[in-house]
Every structure is written in C-alpha cells, then in structure tokens.
Amino acid sequence: MKIKKYRNINSMFLLFGVCLLSSTFSFAQLQRKVDSISKLILETKVDTIKMELYGKISWQYINSSQLEQAKSYADSLRIYSEKLNDSSGIAYSQFYYGTIARYTGQYSDALDHLQTFVGHYSTVGDSIKVSHGLFQMGSVYQNIGNYEKAVELLYRALKIHEQKKDQSSINEALNNIAIVLKKAKQYDESQRMFERVLLTDSLNTDVLMNLGNLYGEKGELETAEKYYLKALKIDEESGNERFVAFDLENLGNLYIKKKAYDKALSYGMRALRIREGLPYKIDNIYSLKQMGIIYLKKNDHATAKNYLVEAEKVARSINAKFQLKDIYKNSAQVHFKEQNYLKAFEHQKNFSDLNDSLLNKETQRLINGIKIKYETQKKDQQIALLAKEKQLQEKEIQKESTIKKAFIGGFILIFLLGTSIIYNNRQKLKNQRLLSEKDKKINEVHFKQKVSELEMKALRAQINPHFLFNCMNSINLMILENNNENASKYLAKFSKLIRLILENAEHPTVSLKKETELLESYIQLEKLRFKGKINYHIAIDETIDADDTYLPSMILQPFVENAILHGIMHKEKDEAGVVKILIKEDKNAMLYCIIEDNGVGREKAAQLLDKSVLKSKSMGMKITEDRLRLLSKKGWEKLVSIVDLKDTVNKALGTRVEINIPIIN
C-alpha cells in the first residue's frame with residue numbers, strides 16, 4: 001500500500017520541479033523553504049513521503065546552483081527508492097543526476113542518466129515525463145554543439161506537448177528550439193519560432209531577450225535594444241529580479257558591441273548588484289565575467305583581472321566548465337595586454353585544453369561508447385558461434401545422418417502442416433466473407449421492406465378514412481344546400497390534395513416545395529370544412545432552396561393534422577385557431593421544423609378523448625417518427641420533441657412540435 005501511495009504522490013512530482021524552475025526566490029526564501037521541507041522529513045515516518053521530499057529539496061538546490069547539496073539529496077532519493085524496490089523513484093533520481101551532470105559539464109554522464117529516465121517512462125507510457133527528459137537531453141546536445149540532435153529531441157518533446165495541448169510547455173519547447181537554431185546560424189527559422197511563441201504569450205520576456213540576442217548576432221543592434229528594453233520593463237513591473245538581471249546583462253553586452261563602455265558598465269554593475277542578493281551562482285559568473293570584459297575594453301587591466309579571478313573562483317566551485325573556458329580566454333587577453341606573456345600562455349593553454357575536453361573529447365567519448373557497445377556485442381556473438389561449432393564437432397559422425405534425416409522429416413511435416421493451416425484459414429476467411437456479404441444483402445432487403453411498410457402506413461395514415469368521409473359529406477351537404485360555388489371550390493381543393501398525396505407517395509423523396517404545397521392544400525381544405533376557424537402561416541428560411549432541398553415524402557402532414565384535430569378543433573367556438581410552421585436548416589445538415597398551434601394543449605385533448613364515444617388515436621405521428629429514425633444515419637436519439645406551451649399561471653396556450661428531418665442528397 002505504501003508504494004501505491006508513493007506513486008500517486010509522485011505523479012505530480014516532476015511537474016512540480018519543472019514549474020519551480022521558473023520561480024525566483026531570494027537566498028533567505030530558499031533556505032526557509034529547505035528548512036521547512038527538512039523539518040517534514042524528520043517528522044514523517046513514511047518512507048515514500050520522505051522520498052518525495054528529498055526530491056523536492058534536490059530540485060531546489062539545482063535551481064540555486066548549489067549542486068553538491070542537490071546531489072546529496074538525489075542520493076537520498078535513490079537509496080530510499082532502492083530500499084522500496086520502486087522503479088519510479090529510482091528513475092526520478094536519474095533525472096536529477098542527469099540535470100546536475102548537465103550543469104557541471106559532465107555531458108556523457110548526463111546523457112546516460114537522462115536516457116535511463118526516458119527509457120523507464122517510455123516503457124510505462126508516461127509521455128509527459130518522457131518529454132521532460134527529452135528536454136534536458138536536448139539541452140545537453142546543445143551544449144556539446146550537436147545542434148541537429150538537440151533539435152531532434154526538442155521537436156519530440158514539442159510533439160508530446162502539442163498532443164496534450166499544453167500551451168505553456170509548447171512555448172517553452174519552441175523557445176529552446178529557436179535558441180539552438182540561432183546557435184546554428186539559422187536566423188530566419190529561429191526568428192519564426194520566437195515570434196510563434198509571442199503570438200500566444202506576448203509578455204514572455206525570455207523570448208523577448210532571445211529575440212534581442214538574435215538581432216544582436218545579426219548586427220541589427222537598434223532592433224535588439226528595443227526587445228531588451230521591452231523585456232526589462234515587463235520584468236521590472238512583475239518584480240522578477242532574476243530576469244531583470246538578465247535584461248541588464250544583455251543591454252550591457254549590447255553596449256559593449258556598440259563600444260559604449262561606460263553605458264555597458266552601468267548596466268553590468270546593476271545586474272551584478274541584483275545577482276549578489278540571489279542564490280544563483282551561475283548567474284554571478286555571467287556578471288563577473290561581463291565586468292571583466294568591460295574593464296578589459298576600457299584598458300583597466302587590474303580591475304578586469306580582479307573580476308575575472310572572482311568569476312573563476314565561482315565557476316570552479318560549481319564546476320561550470322563552459323563558463324570557465326570563456327574566463328580563461330578573457331584572462332589570457334588581460335595578461336597579454338599587461339605583457340605578462342607567461343600567464344597569458346598558461347590561461348590560453350587552459351582555455352584550449354578545456355575547450356578540447358568539452359567538445360572534441362566529449363564527442364569522441366560518446367562515439368567510442370557506441371563503438372565499444374557494438375564491438376562487445378559482436379564479440380559475444382562470435383564466442384557463441386565458436387561454442388556452438390565446438391559442440392557440433394564433438395558429436396559422433398553416426399548421429400549426423402540421423403539428425404539430418406530427422407531435420408528433413410520434421411521440415412516436411414512442418415511444411416505440410418503449415419500448408420494445411422494456411423489452406424484452412426483461407427477457406428474459413430472465404431466462407432466468412434460470403435456469409436458477411438449474404439448478411440449484408442439480407443439486411444438491405446429488410447431495410448427496404450421496413451421503409452416500404454412505413455411509407456404505406458404513412459400513406460394510409462394520411463388518407464384518414466374519417467377525413468375522407470367528412471370531406472365527401474361536406475361536399476354533399478353544400479350540393480344539397482345549392483351552395484354550388486363553395487362545393488366546387490371544396491371539390492377542387494380536395495382533388496388537388498388527393499393528387500399531391502398520391503404523387504408524393506410514388507417517390508421516396510420529394511422537394512421541400514412540394515411537401516409544403518401538400519401541407520397548404522390540406523390546411524385550406526380543413527379551413528373550408530370548419531368554416532374559417534383555422535388560420536395558418538408557413539415560413540421557410542431564406543437560406544434554403546425549396547426546389548433543390550429534398551426530404552422523405554409525407555413527413556409533416558400527420559403533425560399538422562394532429563395540431564388541428566386534437567388542439568384547435570376543441571377551442572371555444574368564437575376563438576380562431578392558428579397553426580404556425582417554420583422550417584430552417586441547422587448545422588448538422590438536418591431540416592429543423594417547428595409546428596406550433598394555439599389549441600387546448602395535450603392534457604385537455606386527452607381528457608376530451610377519454611369522454612369521446614369514438615376513442616381513436618392517430619398513428620400518423622408514431623409512424624412518421626419511426627420513418628425518420630430509420631432514415632437518419634447519425635443515430636439521433638430524439639428526432640421529434642413535443643413541448644406544452646403554458647403561461648405563467650400554468651394555463652395551456654397550445655403545443656409546439658420540433659422535428660429533425662434528414663436532408664436527402
């Protein structure tokens with residue numbers, strides 16, 4: 001149970017460390033943070049929690065460049081992980097070891113540790129942690145000048161962040177890819193990357209500084225200065241002292257290029273004073289080295305030498321080899337200016353040796369490591385082959401014939417068995433294919449039968465026997481009353497309706513225009529039959545081409561009929577009924593139709609139906625909904641919705657039917 005608890009806590013452990021990297025603490029704040037975590041370590045008796053706390057302290061010390069202390073706590077994390085036999089904890093310790101080795105210039109060791117970390121989380125499938133390891137490895141390859149490999153790893157990390165849609169991590173990866181491209185002199189691509197980050201994070205001062213550096217390398221110093229000043233303003237407003245110091249240092253370097261050494265000195269001194277109050281030793285090296293360079297340019301060799309000596313002490317204390325290399329180079333120039341050629345030679349030699357060690361020897365070491373692994377694997381294979389040959393030679397000649405025969409017989413048996421299995425599998429697949437095709441045809445036939453049955457039911461439901469009888473009865477009554485003009489009109493409209501119904505029934509689909517013509521004929525007939533008690537309004541959205549929009553035939557009439565017969569016809573005699581029909585197209589390529597009436601509502605209609613002698617229930621709406629469901633290809637759960645319209649005192653105001661109708665292409 002403890003190990004399970006540790007893994008739950010540990011799932012956010014690395015993310016905590018990465019987020020902490022962007023925070024800026026004073027030395028006193030750092031010490032208070034470490035003291036607080038150390039107190040928790042003493043108080044807790046749970047090993048897994050101790051492991052988490054050791055890792056947090058290690059990361060705190062890494063960020064403040066106190067790498068010996070960081071390694072000590074990484075050791076504690078590894079020891080406790082091994083005690084619990086917890087592979088995740090061991091992998092985390094490898095991440096911290098790799099990061100420490102990167103900062104101290106031990107690049108081969110850094111890659112070994114980080115590769116172990118990435119390998120573990122690639123196996124368990126945690127892509128986020130893999131991306132953090134790839135990010136650190138990319139930084140290592142950047143430091144040793146292998147820009148192609150650095151960009152490859154950073155792009156892999158970027159792809160993971162894009163899949164997770166983590167914009168903050170995407171920007172961080174893009175920023176570092178752009179830095180590598182800048183070092184590789186690919187300025188246009190680097191600039192494009194930096195500007196892509198600014199599209200989503202315009203206040204990212206790290207990117208603004210890097211853009212300034214890019215323009216500085218290109219010799220566009222005025223543009224570089226604008227970016228540096230913008231970054232400085234943002235960092236000063238946010239109170240981020242560490243980044244303010246970086247901005248000031250960049251401005252100092254810019255004015256060194258402009259040969260405005262007094263102005264460079266002003267900015268450099270401000271950066272140094274800020275960094276003296278912060279715990280980041282690596283940052284102090286930047287400022288001390290810069291001050292040495294400025295005084296060297298001003299020909300104040302004694303002061304330049306003092307700053308470079310101090311920078312060398314700090315660099316040695318944290319084994320910052322890349323910074324130490326630059327310090328040696330500048331120190332050699334100071335001694336050469338003072339005509340102390342022996343010292344100048346010593347520092348130049350130190351620079352050359354360290355430069356070779358960091359780049360050439362480190363690269364050679366990586367190549368040799370790969371070569372050794374390859375040669376070792378090759379020798380192991382050769383030894384295995386020799387042992388096998390010796391074993392074969394020791395066997396008796398008489399057994400060789402038996403072995404050969406057995407081998408040949410076994411091969412033939414396997415061949416026949418394999419052939420039989422392949423044949424049977426092919427026959428099985430062929431039969432399955434035939435059955436699948438037959439099932440598909442049967443399903444198609446059933447589908448067509450079902451559609452036909454529903455269409456016939458819809459036709460029978462539309463040509464309602466009671467409706468036909470009432471229509472013929474009304475015509476007969478008009479004739480008997482010598483109302484020949486209205487009888488003629490009624491008969492003409494009745495015949496037009498029957499013709500439209502029969503014409504539409506001949507086709508599975510009809511245009512929206514014909515469907516609305518049928519509706520209008522039906523409503524006009526009912527209006528004549530009930531002596532003007534019914535009014536109606538049909539509206540089609542102007543974006544719909546009614547002539548070129550097709551839908552299943554005989555869809556809307558059952559819903560309109562239901563609104564008239566069960567809603568409007570039960571209203572008081574002096575009240576006029578209204579049926580409103582609205583048709584528009586929604587974003588799902590469906591026709592959205594609303595049929596609204598101001599009748600008595602469903603509750604009142606149900607009560608009247610119960611009291612009626614002829615208790616018949618129309619099946620037209622149910623049949624139509626079944627047709628819609630059968631024809632819909634998107635599996636809509638709700639194709640027809642009925643809403644009871646009521647006022648604030650719950651009095652029925654009518655009924656609204658909402659219908660989703662598939663558009664037929």
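Sequence positions, counted from 1, serve as the residue numbers for this chain.
At least one side-chain heavy atom of Thr99 sits under 4.5 Å from a side-chain heavy atom of Trp59. Residues Lys83 and Ile79 form no side-chain contact, since every pair of their non-hydrogen atoms from C-beta on lies 4.5 Å or further apart. Within the 4.5 Å cutoff, the side chain of Gln333 has no heavy atoms near those of the His347 side chain. You'll find the side chain of Asn213 reaches within 4.5 Å of the side chain of Tyr228, heavy atoms only.
The closest side-chain donor-acceptor pair between Gln94 and His113 falls under 3.5 angstrom. Side chain to side chain, Asn253 and Gln290 meet the donor-acceptor criterion of an N or O pair below 3.5 Å. Between the side chains of Asp206 and Asn175, at least one donor N or O sits under 3.5 Å from an acceptor N or O. Using modelled atom types, one finds no donor on one side chain facing an acceptor on the other under 3.5 Å when comparing Arg78 with Tyr92. Of the N and O atoms on the side chains of Thr543 and Asp541, at least one donor lies less than 3.5 Å from an acceptor on the other residue. Between the side chains of Tyr215 and Gln191, at least one donor N or O sits under 3.5 Å from an acceptor N or O. Neither side chain, Lys281 nor Gln66, offers a donor N or O lying under 3.5 Å from an acceptor on the other. Side-chain contact, Thr205 with Asp235: a donor N or O sits under 3.5 Å from an acceptor N or O. Donor-acceptor pairing under 3.5 Å is recorded for the side chains of Tyr187 and Glu217.
If you look at Tyr255 and Tyr261, their ring centroids are not closer than 6.0 Å. The distance between the ring centers of Tyr121 and Phe117 falls below 6.0 angstrom.
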message: Checking Asn176 against Ser139 for the side-chain hydrogen bond (donor to acceptor under 3.5 Å, both in side chains) test, could you report, in this order, the C-alpha distance in whole Å, the side-chain angles of both residues, the deciding distance, and whether it holds?
response: CA-CA 8 Å; Asn176 281 272; Ser139 298; 4.9 Å; no

- prompt: Does the pair Tyr97 and Asp75 meet the rule for a side-chain hydrogen bond (donor to acceptor under 3.5 Å, both in side chains), with working shown?
  reply: CA-CA 9 Å; Tyr97 286 142; Asp75 288 338; 2.3 Å; yes

query: Are Arg316 and Glu312 close enough, and set up right, to give a salt bridge (Lys or Arg N to Asp or Glu O under 4.0 Å), and what steps lead you there?
result: CA-CA 6 Å; Arg316 285 183 179 279; Glu312 183 179 342; 3.2 Å; yes

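In terms of the side chain to side chain contact (heavy atoms under 4.5 Å, CB included) criterion, Thr123 has no residue partners (sequence neighbours excluded). Thr116 meets the side chain to side chain donor-acceptor pair (under 3.5 Å) test with no other residue; sequence neighbours excluded.
Across Ser88 and Asp86, no two heavy atoms sit closer than the pair N-OD1, 3.1 Å.
Ring geometry, Phe243 versus Phe246: the interplanar angle exceeds 60°, so the pair is classed perpendicular (tilted spans 30 to 60°). Ring-plane geometry between Tyr307 and Tyr295 is classed as parallel, the angle between the planes falling under 30 degrees on a 0 to 90 degree scale with a further cut at 60.
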